[in-house]
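For reference, the structure is listed below as structure tokens.
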Amino acid sequence: MIKVTLPDGSVKEFESGATPFDVANSISAGLARNVISAKYNNTTVETTTPLTTDGSLVLYTWNDDEGKTAFWHSSAHILAQALEELYPGVKLTIGPAIDKGFYYDVDLGERTLGEHDFKKIEDKMLEIARGKHEFSMRSVSKADALELYKKQDNPYKVELIENLEDGTITFCDHDSFTDLCRGGHLPNTGFVKAVKLMSVAGAYWRGDEKNPQLTRVYGISFPKQKDLKEYLELLEEAKKRDHRKLGKELQLFTFSQKVGQGLPLWLPKGAALRERLENFLKAAQKKAGYEMVVTPHIGQKELYVTSGHYAKYGADSFQPITTPAEGEEFLLKPMNCPHHCEIYNAVQWSYRDLPKRFAEFGTVYRYEQSGELHGLTRVRGFTQDDAHIFCTPDQLDDEFMKVIDLVLYVFGSLGFENFTAQVSLRDPDNKEKYIGSDENWAKAENAIINAAKAKGLNYVIETGEAAFYGPKLDFMVKDALGRSWQLGTIQVDYNLPERFELTYKGSDNEEHRPVMIHRAPFGSMERFVAILLEHTGGNFPLWLMPQQAIVLTLSENYEKYAQNVLELLENHEIRATVDDRGETMGRKIREAEMQKLPFMLIIGEKEANDGTVSVRKHGGEDLGTMTVAEFAEVVNTEINKTLKKFEV
RNA sequence: GCCGACGUAGCUCAGGGGUAGAGCGUUUCCUUGGUAAGGAAGAGGUCACGGGUUCAAAUCCCGUCGUUGGCUCCA
């Protein structure tokens, strides 16, 4: 008999050799039907793996991430089988589960694969799934494993196996298909009821561009047809909210081939939106003791040699601009911090002056590879809501927490309610990748963790994700569709103060090194606007809307009254325009709806006589008739719901 | 940068070796209106760009540029 401990702490006894499935069955028939995978003593096992020792068991269903992983990993096997059957001679490589689905990388030889082939492959997969073939693991010797794949002339699997230790190698079989596999599968293929191939892309073997290029087929699968339908609907919704589409429709920004790829052009409405965001942050920063600075768009190459950026990124950046006569070299600035360091250096500081907080909406230029450009989220020229805080080591904890406050204020005002923090530390086994002393790293890492704790942030620690010059705290927000985005970032830096020989005079009358904090709550204006667009679907918070209301006249008889109303609105600082074209009310409303204008103020004979407006909200809600002053109250109430004052 | 897909009117897209298409928008005229498209007429295209094949290319082929899904990278 063995003792199996379940997650709730209860212990059950089973015959040795009982499987996780048996355990599930002893709990309930429903669980037995739905159990997908399991972990025994923290090791992934199949639901059919006999348990022979005491241990603790966790059972997973589709509702667990681990269950989904097993589900999708198993689906990758089915995909591989389908590809093998449809395209004899394909060489299989790897096929893992990913965040949303799975992929399989195959070497198709001379063949190509396109979306028109998907239907055929999906049908084949479903046919295999319907066969309810059991997945079963078996151990093989290294020699046998190698022989199999050598016979198939598959250098990829051979390479994988050569890196494995004899005795640990397992194959997974289902139906007529066999694959090298570590394990973690569904009980049988029949669990997969819906399959959709999403895309096909090139991918290098082991992610190295020197290696042969493979064909990667992406897919997703579900236990119910309905789940697939919902997933596709979510994708549709995401498409509707795509910032590139909305940016065009709402006339916020554009790109021009002539200007150059990755270089966004802000149209008047987009520029107004962006300016409003900037002013919002400027006001909060002013309260928090920041001072604005301004620096040029280029800097001498020497500046970046000093900062260390040239050595690290110079070759992969826009190349230097040279002067015609002297041959001096200048770089488009990829960062604002070197400039800000020199601003710090312009004056001699006492510890009494610190912290200094220099802020700038600084436009920077980075050479992003052409394939990496994407709408406003990946561009070659963008504006960071940058600031650098220079403080004494003693002030670091406190300053860091103040920055967190500011970031949380920004998120709150813009409707990002779901977010987590990621603390990125250096990889202690790989210290040569980073610059700076152990002591400084320890101090900086502790400061970040302490601040995250003190502020009650929901955070995860990622080792090895730090910047080369210091650890950081990144904020990941979840948008309305549940997608995660990295937004604001706060980074501690002991390196640049060293390189730029920044100093302040301490109370001991000695020169000391300040610590630097880099921070950008938005990240960049471009990326932030893109994310905000997708989060809100273009229905920005009222305070941010480029235009908050439109006055719609029922006929030209009310043009004059419309102008009066507009003037009153302006007195109440409500951003509005008048639509007094000779169009029908139906059309005017439709167009205003499509422009996502929050309020429509309709005026006709009745309103003109009473000195009122009839208020329709975006989406159709009728708020009835009221005076402009009453309407201004409605607007202010709504704004105050989201836009609070920043309290220091 | 690499692999795949795409590039036709301002926008969304259909078509496809033999005179360039639709809807929306735009312009003009009519309509003076009550909560998501009033009616009519007109204008608008070197079918991304450059080569090639062909009697004939927007269509087929090659290249370039751009967009896009991935890969790689991301101070």
Side-chain angles (χ1 to χ4, degrees), chain A residues 98 103 105 108 112-117 198-218 242 244-245 248-249 251 254-262 304 307-314 316-317 333-338 364-375 377-380 384 386 465-470 472 486 489 491 493 495-496 518 520 552-559 580-595 600-607 614-625:
Chain A
I98 52 176
Y103 67 79
D105 282 350
L108 288 168
T112 57
L113 198 63
E115 280 174 27
H116 49 275
D117 301 308
M198 304 307 293
S199 66
V200 57
Y204 299 106
W205 169 238
R206 307 212 129 172
D208 186 336
E209 59 185 289
K210 290 183 205 78
N211 286 336
Q213 177 126 19
L214 308 169
T215 302
R216 176 169 298 180
V217 183
Y218 283 90
D242 189 315
R244 293 165 300 184
K245 178 170 143 46
K248 197 179 263 180
E249 282 170 9
Q251 295 177 31
T254 189
F255 288 89
S256 148
Q257 264 198 53
K258 276 217 175 70
V259 172
Q261 57 178 174
Y304 303 101
S307 71
H309 293 109
Y310 190 78
K312 192 145 175 89
Y313 297 103
D316 299 319
S317 299
K333 79 172 165 189
M335 308 205 65
N336 302 302
C337 27
V364 298
Y365 302 89
R366 295 179 186 176
Y367 173 76
E368 301 288 355
Q369 298 188 85
S370 58
E372 195 51 42
L373 299 171
H374 180 92
T377 58
R378 270 319 266 287
V379 289
R380 287 179 168 170
Q384 294 179 313
D386 212 355
E465 291 292 310
F468 75 96
Y469 52 77
K472 58 182 183 172
Q486 189 199 311
T489 179
Q491 314 182 350
D493 187 351
N495 171 53
L496 281 184
H518 308 243
L552 306 180
T553 56
L554 210 47
S555 85
E556 62 196 16
N557 301 333
Y558 314 111
E559 273 173 33
D580 55 8
R581 293 173 306 159
E583 295 291 348
T584 59
M585 183 51 61
R587 165 161 298 247
K588 289 182 183 182
I589 287 173
R590 179 179 158 79
E591 288 180 9
E593 283 288 347
M594 306 246 284
Q595 283 296 305
M600 285 150 249
L601 309 183
I602 293 151
I603 56 175
E605 191 181 355
K606 189 167 147 300
E607 290 80 5
S614 177
V615 181
R616 177 196 158 106
K617 251 183 123 160
H618 173 64
E621 192 188 344
D622 187 356
L623 301 188
T625 43

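Order of the sequence lines fixes the chain letters, A, B, ..., with proteins taken first and strands second; residue numbering starts at 1 for each chain.
Going from atom CD of A:Gln369 over to atom P of B:U68 covers 16 Å, rounded to whole Å. Put simply, NZ on A:Lys245 is 16 Å from C1' on B:U68, counting in whole angstrom units. The separation between A:Glu249 atom CD and B:C24 atom P is 17 Å, rounded to whole Å. The distance between atom CD of A:Gln384 and atom C1' of B:A75, rounded to the nearest whole Å, is 9 Å. For the pair A:Arg378 CZ and B:C71 C1', the interatomic distance rounds to 13 Å; values are reported in whole Å. In this structure, CH2 of A:Trp205 is placed 22 Å from P of B:G70, rounded to the nearest angstrom. Going from atom OH of A:Tyr313 over to atom P of B:C74 covers 6 Å, rounded to whole Å. Remark: P of B:C2 and CG of A:Leu373 are 14 Å apart, rounded to the nearest angstrom.
Comparing the same atom, P, in B:G10 and in B:G25 gives a spacing of 16 Å after rounding to whole Å. Taking the P atoms as reference points, B:U64 lies 36 Å from B:G44, given to the whole Å. Comparing the P positions of B:G7 and B:A14 gives a spacing of 8 Å, expressed to the nearest Å. When the C1' atom is used for both B:C55 and B:A48, the distance is 27 Å, rounded to whole Å. Taking atom C1' in both B:A43 and B:U26, the straight-line distance is 9 Å, to the nearest Å. Comparing B:G45 with B:A5, their P atoms sit 32 Å apart, to the nearest whole Å. Separating the P atom of B:A9 from that of B:C65 is a span of 22 Å, rounded to the nearest Å. Going from the C1' atom of B:U68 to that of B:U35 covers 39 Å, rounded to whole Å.
A:Tyr218 does not qualify as a stacking partner of the B:G70 base, lacking a centre-to-centre distance under 5.5 Å together with planes within 30°.
A pairwise comparison of heavy atoms in A:Phe255 and A:Gly375 identifies CZ-O, 3.3 Å as the closest pair. A pairwise comparison of heavy atoms in A:Gln491 and A:Ala467 identifies OE1-CB, 4.5 Å as the closest pair. Closest heavy-atom contact between A:Cys337 and A:Leu496: CB-CD1, 3.8 Å. The two residues A:Asp242 and A:Arg244 come nearest to each other via the heavy atoms OD2-NH2, 2.5 Å.
Separating the CD atom in A:Gln595 from the CD atom in A:Glu249 is a distance of 8.5 Å, to the nearest 0.5 Å.
Taking only distance into account, the side chain of A:Arg216 never meets the base of B:C71 through a donor-acceptor pair shorter than 3.5 Å.
A:His374 comes within contact range of the sugar-phosphate backbone alone, with a heavy-atom separation under 4.0 Å but no base atom that close. Nucleic acid contact for A:Arg244: sugar-phosphate only, since backbone atoms but no base atoms lie under 4.0 Å from a heavy atom of the residue. No engagement by A:Gly470 is indicated, since no non-hydrogen atom pair under 4.0 Å with the nucleic acid exists.
Among A:Arg581, A:Lys588, A:Glu607, the one residue that satisfies the side chain to side chain donor-acceptor pair (under 3.5 Å) test with A:Thr553 is A:Lys588.
Side-chain proximity of A:Glu368 to the nucleotides B:C73, B:G69, B:A75 is greatest for B:C73. The side chain of A:Tyr469 lies closest to B:A75, out of B:A75, B:U12, B:G66.
Judged by closest nucleotide on RNA chain B, A:Gly262 is the one of A:Gly262 and A:Pro334 placed further toward the 5' end.
Environment of CD in A:Glu605: sparse, with no more than 12 heavy atoms of neighbouring residues, nucleotides or ligands closer than 6.0 Å.
OP1 or OP2 of B:G66 has at least one side-chain nitrogen or oxygen of A:Gln261 nearer than 4.0 Å. Here A:Lys312 does not reach the OP1 or OP2 of B:C74: none of its side-chain N or O atoms lies under 4.0 Å away.
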5'-to-3' dot-bracket of RNA chain B (Watson-Crick, G-U; under 3.5 angstrom; crossing pairs as [ ]; | other strand): (((((((..((((....[..)))).(((((.......))))).....(((((..]....))))))))))))....

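Every residue two or more places apart in sequence or in another chain that forms a salt bridge (charged side-chain N to carboxylate O under 4.0 Å, His left out) with A:Lys333 is listed here: A:Glu360.
In this structure, A:Arg590 does not pair ionically with A:Glu583, as no charged nitrogen and carboxylate oxygen lie closer than 4.0 Å. Taking the charged nitrogens against the carboxylate oxygens, A:Arg366 and A:Glu372 have no contact shorter than 4.0 Å, which rules out a salt bridge.
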Full working for side chain to side chain contact (heavy atoms under 4.5 Å, CB included) between A:Lys606 and A:Thr625: CA-CA 10 Å; A:Lys606 189 167 147 300; A:Thr625 43; 3.6 Å; yes

Under 4.0 Å protein heavy-atom contacts per nucleotide of nucleotides 30-45 of chain B, with B for base, S for backbone only and - for none: --BBBBBBB-------

